[in-house]
*Asks:* 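One structure coming up, written as structure tokens, with questions to follow.
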Amino acid sequence: MDKSMLGDLDSLPEEDKMKMGAMIEQLQIRDSLRMYNTLVERCFNDCVDSFRRKSLDKQEETCVRRCAEKFLKHSMRVGMRFAELNQGAATPD
């Protein structure tokens with residue numbers, strides 16, 4: 001976990017800092033899993049047409065790859081934009 005996230009918690013007792021750190025890590029893991037599950041569900045529903053064989057055919061494989069790349073790029077851009085907005089809100093005018 002990034003120690004800078006706990007910068008505002010210096011006044012708390014060490015035990016509370018540890019609890020907050022654990023909670024933040026759990027939230028980060030949960031959000032990562034949620035993003036992964038959303039990615040898998042969306043790309044599967046958009047790209048897989050039938051269950052003719054065990055593996056994906058070439059067209060499905062290409063579709064899944066493009067879908068995943070697009071989803072991850074979008075998620076990264078949203079995260080960057082959120083960080084920009086958050087940083088702008090934190091600085092006093």
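Computation of the quantities below employed the complete heavy-atom set of this structure, encompassing side-chain atoms and omitting hydrogens, waters and symmetry-equivalent molecules.
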*Asks:* Nearest 0.5 Å please: distance from the NZ atom of Lys19 over to the NZ atom of Lys17.
*Replies:* 14.5 Å

*Asks:* Less than 4.0 angstrom from a charged side-chain N to a carboxylate O is my criterion; do Glu69 and Lys73 meet it?
*Replies:* no

*Asks:* For the hydrophobic clusters of this structure (ILVMFWY residues joined by side-chain heavy atoms under 4.5 Å, transitively), does one cluster hold both Met18 and Met20?
*Replies:* no

*Asks:* Could you tell me the separation between the CG atom of Asn37 and the CZ atom of Arg42, rounded to the nearest 0.5 Å?
*Replies:* 13.0 Å

*Asks:* Can you confirm whether the thiol sulfurs of Cys43 and Cys67 sit closer than 2.5 Å?
*Replies:* yes

*Asks:* Please test Ser55 against Arg53 for side chain to side chain donor-acceptor pair (under 3.5 Å), starting from the C-alpha separation and ending with a verdict.
*Replies:* CA-CA 6 Å; Ser55 60; Arg53 39 181 122 156; 5.4 Å; no

*Asks:* Rounded to the nearest 0.5 Å, how far does CG of Asp46 lie from CD of Glu41?
*Replies:* 10.0 Å

*Asks:* Take atom CD of Glu84 as the centre, draw a 6.0 Å sphere, and report whether it contains more than 12 heavy atoms from other residues, nucleotides or ligands.
*Replies:* yes

*Asks:* Quick one: does any side-chain atom of Glu60 pair with a main-chain N or O of Asp57 as donor and acceptor, under 3.5 Å?
*Replies:* yes

*Asks:* Which distance, rounded to the nearest 0.5 Å, do you find between the OG1 of Thr62 and the CG of Leu56?
*Replies:* 10.0 Å

*Asks:* Between OG of Ser75 and CG of Asp31, what distance do you get to the nearest 0.5 Å?
*Replies:* 11.5 Å

*Asks:* With side chain to side chain contact (heavy atoms under 4.5 Å, CB included) as the test, would you mind laying out the steps for Val64 and Phe44 before giving the verdict?
*Replies:* CA-CA 7 Å; Val64 168; Phe44 181 85; over 6 Å; no

*Asks:* What about Val40 and Val48, same hydrophobic cluster or not, with Ile/Leu/Val/Met/Phe/Trp/Tyr joined at side-chain heavy-atom distances under 4.5 Å?
*Replies:* no

*Asks:* Between atom NZ of Lys70 and atom CG of Leu72, what is the distance when rounded to the nearest 0.5 Å?
*Replies:* 12.5 Å

